[in-house]
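Since the structure comes first, as structure tokens, the remarks are kept for the end.
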Number of protein chains: 2
Amino acid sequence: MRPTTKDLAKAAGVSLATVDRVLNGRAGVRKKTVDAVYEAIERIGFERNQVAATLARQRGYRFGFALPRHGDEFLEEILKRIHEMDRAGRAEMLQADVIRLDDQDPHRAARTLSRLSPEDYDGIAIMAPETPQIRDALVRMQERGIQTVPFVSNQKRLDDQTFVGIDNKAAGATAGRLMARFLGQRGGAILVLTESMQSRDSLERRLGFDSVITRDYPALRVLPTLESHADPLRTAQVLRNAFAAHGDIAGLYLMGPEARIPLEVLRSFPFPPGRVTIAHERTPSTEQALRDGEIDAVISQDPGHLVRSAMRIMRARCENRSTLASQERIRIEVLIAENI
Amino acid sequence: MRPTTKDLAKAAGVSLATVDRVLNGRAGVRKKTVDAVYEAIERIGFERNQVAATLARQRGYRFGFALPRHGDEFLEEILKRIHEMDRAGRAEMLQADVIRLDDQDPHRAARTLSRLSPEDYDGIAIMAPETPQIRDALVRMQERGIQTVPFVSNQKRLDDQTFVGIDNKAAGATAGRLMARFLGQRGGAILVLTESMQSRDSLERRLGFDSVITRDYPALRVLPTLESHADPLRTAQVLRNAFAAHGDIAGLYLMGPEARIPLEVLRSFPFPPGRVTIAHERTPSTEQALRDGEIDAVISQDPGHLVRSAMRIMRARCENRSTLASQERIRIEVLIAENI
DNA sequence: AGCCATTTGAGGTACGTGCCTCAGATTTTC
DNA sequence: GAAAATCTGAGGCACGTACCTCAAATGGCT
């Protein structure tokens, strides 16, 4: 039989009440006694039964996903997974809901975060650009006792933070390598398009992409990044200009997470045979484009894993357990038409 | 507040005991009463609190992974993940252990399975070739009330069965497409090596691989599959013969899950520039080979996801809940040096 | 030695369900 | 219509922990 708190009390030579005080970090226990309890924990191999603990807590865990208010298909995929988790989690007293953040004004976003109380949330997974306002809001949330996890978008300045998402530099490098290998002998220019270069994610992807191409493929040259600002007209315009300026465009790297608009716009341009196109994130649009041969590969991260991993991490933190790092690493996936 | 069994009893106009009988499928309740309870479940939106249920059951869930007795690195990875899950699961009253099956004699393997009692295991995930003996053993286990899930190796004949693993035909097709695209304009012969063509998995991979190459790449021709039987000497011999017989070998497809021996043997042959090699499963050997440029891509399935998914599915079945199919689909991963 | 603050013990209730017993009610069968 | 078979209700104990209260013991201090 697994040792219980009762066994632990006996082994440590203290009462159940004291064991409870130590295990839950309550005040009013002498250091000597605390040590004795920990010693006994080691000695008899006590491990708290989380099932019983959760039940006794009365309320399970409630986690929030703070996401940008505006987005497209990729955001939609994430929302879907969160709702699925919420439904599936009810039976295990886990709740997952969505909080929307202003994606234009960091101050408003930070204010939204600062209104979140530990009464309402045990943990928050945050997908937001790395601004000083957001960073401060995160620090203050932690002080209030709410666990926080950067989600999809990294917050590098907050040290220690385990991040739920992919290494964007490696993702960019992966795209670069595939681009070059798919192009084979062919040389020429590569066009890179994203929504905005403001975000660290875009910068890192570009960095990774370039590092591979410039090191190993001198016949290819990567053009300056074009910014679409998620606007169809602007997308059409920058693409038109780029195609006019460079006659030898051999590859197209859609670096942002929302490829729907660029893909639609691209259909109005001629499709030169042999052009290689690579996009990010598996969405209805990129799936269809892969099937139709409009794009050659998709670099993606699994939204379901993102959500589940974030919840596992926040829960483990609440119960101050550690997580298996090996199991929480989000993979950089490569999709082609055959393994969609 | 979420409705409890007590609320359900009141809503259905029956007693707690009857609710319990219905929820746990015990005998001795009139159909009319059963229906009334189910109606009330729908009406008030009752959902059993699994946390409390697990606690009350006294014993949590115990799952077994029936794996072949012999294997190499890939099997080792899976074992590692199972042990990790076992440790991590203790706090949630989940146990995962390993049962070893004879991989030469299906009768012995079936006998091992037939000795497993519902007292000992709530569910078994099985990785074994699809033989009549194994199939019968699985059917009998289900009858005894042990949940079973085919694991990594599919058992197609058992209908309904949700399978934990990848679609091997698609995996083969993925390998084929990458092989062809990496080869570019180059034509020639492709050598396919596996441990044994006895297994359905190998057949399906080969099928998928061929379908892509023969349909889209007439300049490539896929040679008959070579069998290594996991034996270094035999591997060296069949490779030597193949290299001697075909001067134009452009690609190498290591189709089996254990690439260590073939990779080691290959080092004793000259390495023609431009040759493309693709293997399966991420292991220390394939990782290193990717880094060293000995192979170009690895098609893999994440052992951690395999194990966790199998446990989620078995648990859901025990609690007769349904699983989110979308979340349990195992991805066919593509690894290159950049996204290891 | 005596006082006060701090630390500890004993015991209780609660969480929501599983599982058990036994008596009483209802239906079926002859 | 009575006996037998089947169904239902009421109640209780258990799981292992959280969280609470109050009294008692202990320790440090003057």
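Please read these numbers as outputs of a predicted model, since none were measured by experiment.
A salt bridge does not link Arg140(A) to Glu143(A): none of the charged nitrogens lies less than 4.0 Å from a carboxylate oxygen.
In summary, contact between chain A and DNA chain D, defined as any nucleotide atom under 4.0 Å from a heavy atom of the protein, begins and ends at dG16(D) to dG27(D) in the 5' to 3' direction. Nucleotides of DNA chain C with any atom under 4.0 Å from a heavy atom of chain B span, from 5' to 3', dG16(C) to dT27(C).
Between the side chain of Arg2(A) and the backbone N or O of Glu47(A) there is at least one donor-acceptor pair closer than 3.5 Å. At distances below 3.5 Å, at least one donor-acceptor pair connects side-chain atoms of Asn24(B) with backbone N or O atoms of Asp20(B). With hydrogens and angles disregarded, no donor-acceptor distance shorter than 3.5 Å links the side chain of Glu281(A) to the backbone of Pro303(A). Judged by distance alone, the side chain of Arg111(A) and the main-chain N or O of Pro106(A) form no donor-acceptor pair under 3.5 Å. In this structure, the side chain of Arg317(A) engages the main chain of Thr148(A) through a donor-acceptor pair within 3.5 Å. One N or O on the side chain of Asn49(B) and one on the backbone of Val51(B) form a donor-acceptor pair closer than 3.5 Å. Of the possible polar contacts, none joining the His305(B) side chain to the Gln301(B) backbone as a donor-acceptor pair under 3.5 Å is found.
Rounded to 10 degrees, the angle separating the terminal helix axes of the helix from dA1(C)-dT30(D) to dA23(C)-dT8(D), each built from five base pairs, is 40°.
Other residues, nucleotides and ligands contribute over 12 non-hydrogen atoms within 6.0 Å of the CZ atom of Arg312(A). Around CZ of Arg321(B), the count of heavy atoms belonging to other residues, nucleotides or ligands within 6.0 Å exceeds 12.
With hydrogens and angles left out, the side-chain atoms of Thr131(A) and Gln133(A) include a donor and acceptor closer than 3.5 Å.
Each of Lys6(A) and Arg30(A) was matched to the nucleotide of DNA chain D holding its nearest heavy atom; the match closer to the 5' end belongs to Lys6(A).
Taking the six-membered ring for Trp and thresholds of 30 and 60 degrees, Phe65(A) and Phe151(A) have ring planes more than 60 degrees apart, a perpendicular arrangement.
Contacts between residues 7-27 of chain A and DNA chain C, defined by a heavy-atom separation below 4.0 Å, involve Gly13(A), Val14(A), Ser15(A), Ala17(A), Thr18(A), Arg21(A), listed by number. Near DNA chain C, defined here as any heavy-atom distance below 4.0 Å, the residues from residues 44-63 of chain B are Phe46(B), Arg48(B), Asn49(B), Ala52(B), Ala53(B), Ala56(B), listed numerically.
Residue pairs meeting the salt bridge (Lys or Arg N to Asp or Glu O under 4.0 Å) criterion with at least one partner in residues 122-131 of chain B, sequence neighbours excluded, are Arg57(B)-Asp122(B), Arg59(B)-Asp122(B), Glu130(B)-Arg200(B).
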Run the numbers on Gln327(A) and Arg81(B) for side-chain contact (heavy atoms from CB on, under 4.5 Å), then give the verdict.
-> CA-CA 9 Å; Gln327(A) 305 229 353; Arg81(B) 300 308 160 197; 4.0 Å; yes
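Residues Tyr121(A) and Phe63(A) place their aromatic rings such that the two centres sit no closer than 6.0 Å.
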